[in-house]
Each structure stands twice: as C-alpha cells, then as structure tokens.
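Please read the structure below before turning to the comments.
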Amino acid sequence: MFNAEIWDHLKHAADFGIGGVAAEPTLDWQTVLKRKDSIVAKHVKGLEFLMKKHKITTIVGYGRLTGSAQDGVHTVECLRQTAKPAR
C-alpha cells in the first residue's frame, strides 16, 4: 500500500513543487516484491514470537469457515482438525 502511495505522489511531484523527478517515473516490480516479502517476514516472525511467548499452539496450514458452529484447519499434510468454538 505504501508503495502505491509513494508512486501516486511521484506522478504528481511537480504539483507539490518537487522538481528533478523524471517525467515518467519507472517501477522496479522486483524491488517492490522484495520489500513486501521482507515486511511480511518481519511481521510473521513477530507473531511467531508472541504466540510462543504466550504458549499458544500453532498449526501450519490454512483456515476455512465451514459453518456457523465449526472451524476447520487444513494442515500442510492435508489433515483436517476440527475444533468447536468455546461457548
């Protein structure tokens, strides 16, 4: 998101009195993706730290809501574990 905001500002740099910016700024998509990946990795490590600190068990996989009273987790091994929410 921040990259898009910067891009928009660069396109209109002259409106803000900023000179020296190329008439047609270019975008290095590989650099954008590299920056995004580093930010995601930083946040993942932070969340992993907090989960471990608070002794929360994690299961690697993806979640999907399967109904009003069911939660499903599909692990990397494609095993399904269901847990009914606490009431």
Side-chain angles (χ1 to χ4, degrees):
M1 287 291 215
F2 187 65
N3 285 9
E5 183 179 352
I6 296 293
W7 178 258
D8 190 51
H9 287 306
L10 281 175
K11 289 193 314 185
H12 304 286
D15 296 342
F16 294 95
I18 300 171
V21 178
E24 287 293 321
T26 60
L27 182 66
D28 182 352
W29 191 246
Q30 292 302 318
T31 302
V32 170
L33 292 178
K34 186 177 175 181
R35 180 177 181 274
K36 185 257 319 170
D37 289 343
S38 69
I39 291 170
V40 169
K42 175 183 165 187
H43 288 289
V44 167
K45 286 183 181 186
L47 288 172
E48 287 173 343
F49 170 78
L50 289 173
M51 299 290 275
K52 187 174 182 180
K53 176 182 174 184
H54 294 286
K55 298 181 173 128
I56 299 171
T57 302
T58 58
I59 301 171
V60 178
Y62 66 94
R64 182 177 67 174
L65 297 176
T66 57
S68 62
Q70 298 176 353
D71 291 323
V73 175
H74 302 271
T75 64
V76 175
E77 294 82 21
C78 296
L79 300 173
R80 180 171 181 180
Q81 298 185 8
T82 59
K84 297 200 178 186
R87 295 186 187 244

Q: Working to the nearest 0.5 Å, report the span between CE of Met51 and CG of Leu47.
A: 8.0 Å
Q | Spacing of NZ belonging to Lys34 relative to CH2 belonging to Trp29, to within rounding of 0.5 Å | A |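 It comes to 16.0 Å.
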Q) Going through the checks in order, is the side-chain contact (heavy atoms from CB on, under 4.5 Å) test met by Glu48 and Val44? A) CA-CA 6 Å; Glu48 287 173 343; Val44 167; 3.7 Å; yes
Q: Tell me who clusters with Ile39, hydrophobic residues only, linked when side chains sit under 4.5 Å apart either directly or through other members.
A: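 Under the 4.5 Å side-chain rule, Ile39 groups with nothing.
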Q: Tell me, please, which residues at least two apart from Lys36 pass side-chain contact (heavy atoms from CB on, under 4.5 Å).
A: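 Lys36: side-chain contact (heavy atoms from CB on, under 4.5 Å) contacts with Leu33, Val40.
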